[in-house]
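Notes for the one structure printed next.
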There are 2 protein chains.
Amino acid sequence: MTVQTIPAPAAPLRVTPASPLFLREDEIRRGIELLYFGYTAMIRGADAILEAQGLGRAHHRALYFIARQPGLSVGELIGLLGITKQSLGRVLTELQARALVEQQVGTADRRQRLLRLTKAGAALEARLFGELERSMARAYGEAGQQAVTGFWAVLMGLVPPDDRPRVEALQA
Amino acid sequence: MTVQTIPAPAAPLRVTPASPLFLREDEIRRGIELLYFGYTAMIRGADAILEAQGLGRAHHRALYFIARQPGLSVGELIGLLGITKQSLGRVLTELQARALVEQQVGTADRRQRLLRLTKAGAALEARLFGELERSMARAYGEAGQQAVTGFWAVLMGLVPPDDRPRVEALQA
DNA sequence: CAGATATGTCAACATGACTGTCCAAACCAT
DNA sequence: ATGGTTTGGACAGTCATGTTGACATATCTG
(Lines give C-alpha, C1' and ligand atoms only; values in the text may rest on other atoms or scores of the structure.)
Protein backbone atom coordinates (compact mmCIF):
# COMPACT_ATOMS: atom_id res chain seq x y z
CA MET A 1 0.00 0.00 0.00
CA THR A 2 2.91 2.29 0.72
CA VAL A 3 4.19 4.22 -2.25
CA GLN A 4 7.85 5.01 -2.38
CA THR A 5 8.20 4.54 -6.07
CA ILE A 6 8.23 8.21 -6.97
CA PRO A 7 11.51 9.69 -5.80
CA ALA A 8 11.57 13.34 -4.88
CA PRO A 9 13.58 15.21 -7.49
CA ALA A 10 16.80 16.78 -6.36
CA ALA A 11 15.49 20.26 -7.04
CA PRO A 12 11.91 20.85 -5.92
CA LEU A 13 9.42 22.40 -8.32
CA ARG A 14 10.17 26.07 -8.49
CA VAL A 15 7.29 28.42 -7.92
CA THR A 16 7.42 32.10 -7.31
CA PRO A 17 7.81 32.27 -3.54
CA ALA A 18 5.28 34.18 -1.49
CA SER A 19 6.47 37.72 -0.90
CA PRO A 20 6.62 39.36 2.52
CA LEU A 21 3.47 41.18 1.44
CA PHE A 22 1.78 37.89 0.80
CA LEU A 23 -1.68 39.15 1.68
CA ARG A 24 -1.85 41.34 -1.41
CA GLU A 25 -4.72 40.73 -3.74
CA ASP A 26 -2.51 39.15 -6.37
CA GLU A 27 -1.19 36.55 -4.02
CA ILE A 28 -4.66 35.83 -2.69
CA ARG A 29 -5.90 35.36 -6.25
CA ARG A 30 -3.01 33.07 -7.00
CA GLY A 31 -4.04 30.87 -4.10
CA ILE A 32 -7.67 30.82 -5.18
CA GLU A 33 -6.74 29.86 -8.71
CA LEU A 34 -4.21 27.21 -7.78
CA LEU A 35 -6.68 25.71 -5.36
CA TYR A 36 -9.32 25.55 -8.07
CA PHE A 37 -7.07 24.13 -10.77
CA GLY A 38 -5.20 21.84 -8.43
CA TYR A 39 -8.37 20.37 -7.01
CA THR A 40 -9.97 19.74 -10.38
CA ALA A 41 -6.72 18.30 -11.74
CA MET A 42 -6.46 15.84 -8.88
CA ILE A 43 -10.04 14.68 -9.30
CA ARG A 44 -9.85 14.26 -13.05
CA GLY A 45 -8.01 10.95 -13.06
CA ALA A 46 -10.71 9.16 -11.11
CA ASP A 47 -13.51 10.46 -13.30
CA ALA A 48 -12.73 8.11 -16.17
CA ILE A 49 -12.98 5.07 -13.91
CA LEU A 50 -16.21 6.33 -12.41
CA GLU A 51 -17.77 6.99 -15.77
CA ALA A 52 -16.93 3.49 -16.96
CA GLN A 53 -18.83 2.19 -13.93
CA GLY A 54 -21.75 4.54 -14.43
CA LEU A 55 -21.00 6.22 -11.12
CA GLY A 56 -20.39 9.86 -10.28
CA ARG A 57 -18.31 11.90 -7.91
CA ALA A 58 -20.94 11.66 -5.22
CA HIS A 59 -20.47 7.91 -5.17
CA HIS A 60 -16.73 8.34 -5.05
CA ARG A 61 -16.89 10.63 -2.03
CA ALA A 62 -19.06 8.15 -0.17
CA LEU A 63 -16.75 5.26 -1.04
CA TYR A 64 -13.74 7.29 -0.01
CA PHE A 65 -14.97 8.14 3.47
CA ILE A 66 -16.39 4.68 4.11
CA ALA A 67 -12.98 3.28 3.18
CA ARG A 68 -11.33 5.80 5.46
CA GLN A 69 -13.54 5.12 8.46
CA PRO A 70 -15.04 1.65 8.14
CA GLY A 71 -18.07 1.28 10.35
CA LEU A 72 -19.05 4.93 10.37
CA SER A 73 -22.74 5.68 10.66
CA VAL A 74 -24.98 7.25 8.05
CA GLY A 75 -25.25 10.39 10.17
CA GLU A 76 -21.48 10.75 10.44
CA LEU A 77 -21.15 10.40 6.70
CA ILE A 78 -23.81 13.05 6.15
CA GLY A 79 -21.83 15.35 8.43
CA LEU A 80 -18.60 14.78 6.53
CA LEU A 81 -20.12 15.26 3.11
CA GLY A 82 -22.26 18.20 4.14
CA ILE A 83 -25.28 17.01 2.18
CA THR A 84 -28.80 16.04 3.14
CA LYS A 85 -30.06 12.67 4.17
CA GLN A 86 -32.09 12.41 0.99
CA SER A 87 -29.13 13.15 -1.26
CA LEU A 88 -26.94 10.62 0.47
CA GLY A 89 -29.80 8.12 0.52
CA ARG A 90 -29.91 7.90 -3.21
CA VAL A 91 -26.17 7.40 -3.50
CA LEU A 92 -26.07 4.81 -0.74
CA THR A 93 -28.98 2.88 -2.18
CA GLU A 94 -27.16 2.59 -5.49
CA LEU A 95 -23.90 1.53 -3.87
CA GLN A 96 -25.71 -1.16 -1.92
CA ALA A 97 -27.62 -2.35 -4.97
CA ARG A 98 -24.27 -2.84 -6.68
CA ALA A 99 -22.92 -4.64 -3.62
CA LEU A 100 -20.13 -2.14 -3.15
CA VAL A 101 -21.26 -1.09 0.32
CA GLU A 102 -22.95 -3.04 3.09
CA GLN A 103 -24.71 -2.03 6.29
CA GLN A 104 -24.74 -3.57 9.70
CA VAL A 105 -26.93 -2.58 12.59
CA GLY A 106 -25.08 -0.61 15.24
CA THR A 107 -24.06 -2.52 18.33
CA ALA A 108 -24.28 0.26 20.89
CA ASP A 109 -27.22 2.00 19.19
CA ARG A 110 -29.35 -0.29 17.12
CA ARG A 111 -30.89 2.61 15.21
CA GLN A 112 -27.58 3.25 13.51
CA ARG A 113 -26.57 1.66 10.25
CA LEU A 114 -22.81 1.22 10.17
CA LEU A 115 -21.31 1.31 6.72
CA ARG A 116 -18.54 -0.84 5.30
CA LEU A 117 -17.16 -1.56 1.88
CA THR A 118 -17.63 -5.02 0.46
CA LYS A 119 -14.69 -6.75 -1.15
CA ALA A 120 -15.75 -5.36 -4.53
CA GLY A 121 -16.26 -1.92 -3.03
CA ALA A 122 -12.81 -1.95 -1.48
CA ALA A 123 -11.32 -2.99 -4.81
CA LEU A 124 -13.04 -0.15 -6.64
CA GLU A 125 -12.10 2.37 -3.98
CA ALA A 126 -8.50 1.21 -4.22
CA ARG A 127 -8.47 1.84 -7.96
CA LEU A 128 -9.98 5.29 -7.48
CA PHE A 129 -7.60 6.10 -4.67
CA GLY A 130 -4.75 4.99 -6.89
CA GLU A 131 -5.60 7.75 -9.32
CA LEU A 132 -5.71 10.44 -6.66
CA GLU A 133 -2.54 9.07 -5.13
CA ARG A 134 -0.67 9.13 -8.39
CA SER A 135 -1.49 12.79 -8.82
CA MET A 136 -0.85 13.77 -5.22
CA ALA A 137 2.35 11.75 -4.89
CA ARG A 138 3.78 13.39 -7.96
CA ALA A 139 2.93 16.82 -6.59
CA TYR A 140 4.40 15.99 -3.18
CA GLY A 141 7.52 14.65 -4.78
CA GLU A 142 8.00 17.63 -7.03
CA ALA A 143 7.37 20.14 -4.27
CA GLY A 144 9.30 18.50 -1.47
CA GLN A 145 8.67 17.62 2.14
CA GLN A 146 8.77 21.13 3.51
CA ALA A 147 6.31 22.37 0.92
CA VAL A 148 3.90 19.59 1.90
CA THR A 149 3.87 20.83 5.47
CA GLY A 150 3.05 24.33 4.23
CA PHE A 151 0.36 22.93 1.94
CA TRP A 152 -1.31 21.25 4.90
CA ALA A 153 -1.01 24.31 7.09
CA VAL A 154 -2.70 26.66 4.64
CA LEU A 155 -5.48 24.21 3.87
CA MET A 156 -6.14 23.60 7.54
CA GLY A 157 -6.25 27.36 7.95
CA LEU A 158 -9.04 27.52 5.39
CA VAL A 159 -11.19 25.18 7.43
CA PRO A 160 -13.23 27.07 10.04
CA PRO A 161 -11.82 26.27 13.49
CA ASP A 162 -15.01 24.58 14.59
CA ASP A 163 -14.74 22.07 11.75
CA ARG A 164 -11.07 21.28 12.24
CA PRO A 165 -11.50 18.53 14.81
CA ARG A 166 -13.59 16.56 12.36
CA VAL A 167 -10.88 16.79 9.72
CA GLU A 168 -8.19 15.88 12.24
CA ALA A 169 -10.27 12.94 13.40
CA LEU A 170 -9.90 11.30 9.99
CA GLN A 171 -6.17 11.09 10.69
CA ALA A 172 -6.92 8.46 13.33
CA MET B 1 -7.24 46.91 -2.79
CA THR B 2 -4.30 45.69 -0.81
CA VAL B 3 -5.13 43.79 2.31
CA GLN B 4 -2.77 44.12 5.21
CA THR B 5 -5.39 44.14 7.90
CA ILE B 6 -4.83 40.61 9.07
CA PRO B 7 -1.49 40.34 10.80
CA ALA B 8 0.30 37.06 10.73
CA PRO B 9 0.28 35.59 14.21
CA ALA B 10 3.59 35.26 15.98
CA ALA B 11 3.32 31.48 15.97
CA PRO B 12 2.04 30.00 12.71
CA LEU B 13 -0.78 27.47 12.78
CA ARG B 14 0.71 24.22 13.91
CA VAL B 15 0.05 21.21 11.80
CA THR B 16 1.71 17.86 11.98
CA PRO B 17 4.70 18.34 9.69
CA ALA B 18 5.16 16.05 6.74
CA SER B 19 7.40 13.17 7.66
CA PRO B 20 10.44 12.12 5.66
CA LEU B 21 8.25 9.29 4.39
CA PHE B 22 5.72 11.78 3.17
CA LEU B 23 4.58 9.61 0.29
CA ARG B 24 2.95 7.09 2.59
CA GLU B 25 -0.71 6.45 2.06
CA ASP B 26 -1.69 8.27 5.25
CA GLU B 27 0.01 11.46 4.21
CA ILE B 28 -1.45 11.23 0.73
CA ARG B 29 -4.91 10.79 2.22
CA ARG B 30 -4.34 13.74 4.48
CA GLY B 31 -3.61 15.89 1.45
CA ILE B 32 -6.68 14.66 -0.40
CA GLU B 33 -8.91 15.38 2.55
CA LEU B 34 -7.48 18.78 3.35
CA LEU B 35 -7.77 19.76 -0.28
CA TYR B 36 -11.42 18.72 -0.32
CA PHE B 37 -12.38 20.36 2.97
CA GLY B 38 -10.24 23.44 2.37
CA TYR B 39 -11.68 24.02 -1.07
CA THR B 40 -15.28 23.65 0.02
CA ALA B 41 -14.67 25.83 3.08
CA MET B 42 -13.23 28.62 0.96
CA ILE B 43 -16.15 28.52 -1.45
CA ARG B 44 -18.83 28.45 1.21
CA GLY B 45 -18.72 32.13 2.06
CA ALA B 46 -19.57 33.22 -1.45
CA ASP B 47 -22.48 30.82 -1.77
CA ALA B 48 -24.76 32.85 0.47
CA ILE B 49 -24.28 35.96 -1.68
CA LEU B 50 -24.84 33.98 -4.83
CA GLU B 51 -27.99 32.39 -3.55
CA ALA B 52 -29.42 35.76 -2.59
CA GLN B 53 -28.86 36.82 -6.22
CA GLY B 54 -30.31 33.64 -7.65
CA LEU B 55 -26.95 32.77 -9.15
CA GLY B 56 -24.83 29.66 -8.82
CA ARG B 57 -21.20 28.71 -8.68
CA ALA B 58 -21.00 28.51 -12.44
CA HIS B 59 -21.85 32.19 -12.64
CA HIS B 60 -19.27 32.95 -10.00
CA ARG B 61 -16.51 31.18 -11.87
CA ALA B 62 -17.33 33.09 -15.02
CA LEU B 63 -17.41 36.41 -13.18
CA TYR B 64 -14.15 35.57 -11.47
CA PHE B 65 -12.18 34.88 -14.62
CA ILE B 66 -13.69 37.78 -16.53
CA ALA B 67 -12.65 40.03 -13.67
CA ARG B 68 -9.22 38.49 -13.72
CA GLN B 69 -8.68 38.86 -17.46
CA PRO B 70 -10.93 41.61 -18.77
CA GLY B 71 -11.40 41.32 -22.50
CA LEU B 72 -10.85 37.59 -22.71
CA SER B 73 -12.75 35.75 -25.43
CA VAL B 74 -15.51 33.21 -25.01
CA GLY B 75 -13.19 30.48 -26.24
CA GLU B 76 -10.51 31.35 -23.72
CA LEU B 77 -13.07 31.27 -20.94
CA ILE B 78 -14.29 27.86 -22.08
CA GLY B 79 -10.70 26.67 -21.94
CA LEU B 80 -10.18 27.95 -18.41
CA LEU B 81 -13.41 26.54 -17.05
CA GLY B 82 -13.10 23.25 -18.87
CA ILE B 83 -16.77 23.14 -19.81
CA THR B 84 -18.59 23.05 -23.11
CA LYS B 85 -19.74 25.94 -25.21
CA GLN B 86 -23.36 25.08 -24.49
CA SER B 87 -22.86 25.02 -20.74
CA LEU B 88 -21.06 28.33 -20.74
CA GLY B 89 -23.59 29.79 -23.14
CA ARG B 90 -26.43 29.55 -20.68
CA VAL B 91 -24.40 31.11 -17.89
CA LEU B 92 -23.18 33.93 -20.09
CA THR B 93 -26.65 34.66 -21.43
CA GLU B 94 -27.95 35.05 -17.90
CA LEU B 95 -25.09 37.26 -16.83
CA GLN B 96 -25.68 39.51 -19.82
CA ALA B 97 -29.43 39.60 -19.25
CA ARG B 98 -28.69 40.87 -15.75
CA ALA B 99 -26.25 43.41 -17.14
CA LEU B 100 -23.37 41.99 -15.14
CA VAL B 101 -21.29 41.15 -18.19
CA GLU B 102 -20.99 42.85 -21.57
CA GLN B 103 -19.50 41.81 -24.88
CA GLN B 104 -17.58 43.73 -27.46
CA VAL B 105 -16.61 42.52 -30.88
CA GLY B 106 -12.95 41.58 -31.13
CA THR B 107 -10.69 44.11 -32.80
CA ALA B 108 -8.14 41.77 -34.34
CA ASP B 109 -10.65 38.99 -35.00
CA ARG B 110 -14.19 40.21 -35.40
CA ARG B 111 -15.63 36.75 -34.76
CA GLN B 112 -14.54 36.92 -31.17
CA ARG B 113 -16.70 38.31 -28.40
CA LEU B 114 -14.51 39.89 -25.76
CA LEU B 115 -16.00 39.78 -22.30
CA ARG B 116 -15.96 42.47 -19.63
CA LEU B 117 -17.74 43.09 -16.38
CA THR B 118 -20.13 46.00 -16.22
CA LYS B 119 -19.98 48.31 -13.24
CA ALA B 120 -22.62 46.21 -11.49
CA GLY B 121 -20.79 43.03 -12.43
CA ALA B 122 -17.54 44.35 -11.04
CA ALA B 123 -19.30 45.32 -7.82
CA LEU B 124 -20.77 41.86 -7.41
CA GLU B 125 -17.50 40.17 -8.24
CA ALA B 126 -15.78 42.34 -5.65
CA ARG B 127 -18.22 41.24 -2.98
CA LEU B 128 -17.74 37.61 -3.93
CA PHE B 129 -13.99 37.99 -4.06
CA GLY B 130 -14.12 39.60 -0.64
CA GLU B 131 -15.52 36.41 0.80
CA LEU B 132 -12.86 34.22 -0.75
CA GLU B 133 -10.21 36.70 0.26
CA ARG B 134 -11.34 36.78 3.85
CA SER B 135 -11.01 33.03 4.05
CA MET B 136 -7.73 32.81 2.15
CA ALA B 137 -6.12 35.74 3.94
CA ARG B 138 -6.90 34.22 7.29
CA ALA B 139 -5.39 30.92 6.21
CA TYR B 140 -2.29 32.62 4.79
CA GLY B 141 -1.90 34.65 7.96
CA GLU B 142 -2.26 31.67 10.24
CA ALA B 143 0.09 29.51 8.23
CA GLY B 144 2.80 32.04 7.44
CA GLN B 145 4.70 33.15 4.39
CA GLN B 146 6.84 30.07 4.01
CA ALA B 147 3.82 27.80 4.21
CA VAL B 148 2.14 29.79 1.44
CA THR B 149 5.06 29.09 -0.87
CA GLY B 150 4.73 25.39 -0.13
CA PHE B 151 0.99 25.56 -0.65
CA TRP B 152 1.52 27.01 -4.11
CA ALA B 153 4.24 24.52 -4.99
CA VAL B 154 2.16 21.45 -4.18
CA LEU B 155 -0.90 22.79 -5.97
CA MET B 156 1.11 23.65 -9.05
CA GLY B 157 2.51 20.14 -8.90
CA LEU B 158 -1.02 18.77 -9.09
CA VAL B 159 -1.65 20.58 -12.35
CA PRO B 160 -0.48 18.52 -15.33
CA PRO B 161 2.63 20.17 -16.79
CA ASP B 162 0.88 20.92 -20.07
CA ASP B 163 -1.75 23.00 -18.28
CA ARG B 164 0.65 24.93 -16.10
CA PRO B 165 1.35 27.74 -18.55
CA ARG B 166 -2.34 28.60 -18.62
CA VAL B 167 -2.44 28.88 -14.85
CA GLU B 168 0.75 30.91 -14.78
CA ALA B 169 -0.63 33.20 -17.46
CA LEU B 170 -3.32 34.41 -15.10
CA GLN B 171 -0.57 35.86 -12.94
CA ALA B 172 0.00 38.47 -15.65
C1' DC C 1 -44.88 5.80 28.48
C1' DA C 2 -43.56 10.14 25.94
C1' DG C 3 -40.51 12.51 23.36
C1' DA C 4 -36.26 12.76 20.83
C1' DT C 5 -33.12 10.61 17.55
C1' DA C 6 -31.42 7.83 13.39
C1' DT C 7 -32.71 6.31 9.28
C1' DG C 8 -35.47 5.44 5.16
C1' DT C 9 -38.63 6.77 1.50
C1' DC C 10 -41.63 9.30 -1.76
C1' DA C 11 -42.35 13.39 -4.51
C1' DA C 12 -41.21 17.64 -6.69
C1' DC C 13 -37.83 20.71 -8.11
C1' DA C 14 -33.26 23.50 -9.35
C1' DT C 15 -28.71 23.65 -11.02
C1' DG C 16 -25.21 22.77 -13.95
C1' DA C 17 -23.08 19.74 -16.51
C1' DC C 18 -23.51 16.80 -20.99
C1' DT C 19 -24.53 15.45 -26.25
C1' DG C 20 -26.18 16.41 -30.74
C1' DT C 21 -27.52 19.38 -34.28
C1' DC C 22 -27.91 23.47 -36.97
C1' DC C 23 -26.68 28.14 -38.25
C1' DA C 24 -24.25 32.63 -39.11
C1' DA C 25 -20.37 35.44 -39.37
C1' DA C 26 -15.70 36.04 -40.14
C1' DC C 27 -11.14 34.52 -41.09
C1' DC C 28 -7.69 32.37 -44.10
C1' DA C 29 -5.53 29.93 -47.82
C1' DT C 30 -5.54 28.46 -52.38
C1' DA D 1 -13.32 34.86 -55.10
C1' DT D 2 -14.32 30.40 -53.52
C1' DG D 3 -14.15 27.03 -50.10
C1' DG D 4 -12.77 25.24 -45.73
C1' DT D 5 -12.05 26.43 -40.83
C1' DT D 6 -12.86 28.86 -36.74
C1' DT D 7 -15.75 31.42 -33.35
C1' DG D 8 -19.76 31.87 -31.41
C1' DG D 9 -24.93 31.43 -30.64
C1' DA D 10 -29.20 28.70 -30.32
C1' DC D 11 -32.38 24.80 -29.45
C1' DA D 12 -33.58 20.25 -27.66
C1' DG D 13 -33.07 16.57 -24.73
C1' DT D 14 -30.69 14.08 -20.92
C1' DC D 15 -28.19 13.09 -16.63
C1' DA D 16 -26.10 13.72 -11.97
C1' DT D 17 -26.49 15.79 -7.85
C1' DG D 18 -28.03 18.71 -4.92
C1' DT D 19 -32.41 20.84 -2.51
C1' DT D 20 -37.37 20.93 0.50
C1' DG D 21 -41.09 18.95 2.52
C1' DA D 22 -43.70 15.31 4.44
C1' DC D 23 -44.24 11.00 6.52
C1' DA D 24 -42.97 6.25 8.56
C1' DT D 25 -40.38 3.13 11.56
C1' DA D 26 -37.38 1.61 14.90
C1' DT D 27 -34.91 2.67 18.82
C1' DC D 28 -33.06 5.21 22.58
C1' DT D 29 -33.62 8.08 26.80
C1' DG D 30 -35.67 10.45 30.58
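In what follows, every heavy atom counts, from backbone to side chain, and hydrogens, waters and symmetry copies are set aside. Convention: sequence-line order gives letters A, B, ...; per-chain numbering from 1. A quick note: this is a predicted structure, and the numbers were derived from the prediction, not measured.
Rounded to a whole Å, the CD1 atom of B:Ile78 is 12 Å from the P atom of C:dT19. Rounded to whole Å, the distance from CD on B:Glu102 to C1' on D:dG8 is 18 Å. Look at CD1 on A:Ile43: it is 16 Å from C1' on C:dA17, rounded to the nearest Å. Per the geometry, CG belonging to A:Leu114 stands 19 Å off P belonging to D:dA26, to the nearest Å. For the pair A:Leu50 CG and D:dC15 C1', the interatomic distance rounds to 15 Å; values are reported in whole Å. Rounded to an integer number of Å, the gap from CZ of A:Arg110 to P of D:dT25 is 18 Å. If you take CD of B:Gln104 and C1' of D:dT7, they are 16 Å apart, rounded to a whole angstrom.
Between A:Phe151 and A:Tyr140, the angle of the ring planes goes over 60°, which puts this pair in the perpendicular group of the 30/60° scheme.
A salt bridge does not link A:Asp26 to A:Arg24: none of the charged nitrogens lies less than 4.0 Å from a carboxylate oxygen. Salt-bridge formation is detected for the pair A:Arg30/B:Glu168: a Lys NZ or Arg NE/NH1/NH2 atom is positioned less than 4.0 Å from an Asp or Glu carboxylate oxygen. Salt bridge annotation for A:Arg29-A:Glu33: absent, with no cationic side-chain nitrogen under 4.0 angstrom from a carboxylate oxygen. Salt-bridge check for B:Glu76 with B:Arg68: failed, with every basic side-chain N at 4.0 Å or more from each acidic carboxylate O.
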What protein N or O atoms touch nucleotides 4-6 of chain C N or O atoms at under 3.5 angstrom, if any, and at what distances?
residue : atom : partner  : partner atom : Å
C:dT5   : O4'  : A:Arg111 : NH1          : 3.4
C:dT5   : O2   : A:Arg111 : NH1          : 2.5

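Side chains of A:Leu81 and A:Phe65 form a contact here, defined as non-hydrogen atoms less than 4.5 Å apart. Using a 4.5 Å heavy-atom threshold, the side chains of B:Val159 and B:Leu155 count as separate.
Distance from the side chain of B:Thr93 is smallest for D:dA10 among the nucleotides C:dG8, D:dA10, C:dT9.
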Reading nucleotides 17-23 of chain D from 5' to 3' and marking B where a protein heavy atom lies under 4.0 Å of the base, S where only the sugar-phosphate is that close, and - otherwise, the string is BBBBBB-
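In terms of the salt bridge (charged side-chain N to carboxylate O under 4.0 Å, His left out) criterion, A:Glu94 has no residue partners (sequence neighbours excluded).
Using a 4.0 Å heavy-atom cutoff across all strands shown, A:Gln103 reaches sugar-phosphate atoms only and no base atom.
Taking CD1 of A:Ile32 as the reference point, atom CE of B:Met136 lies at 5.5 Å (rounded to 0.5 Å).
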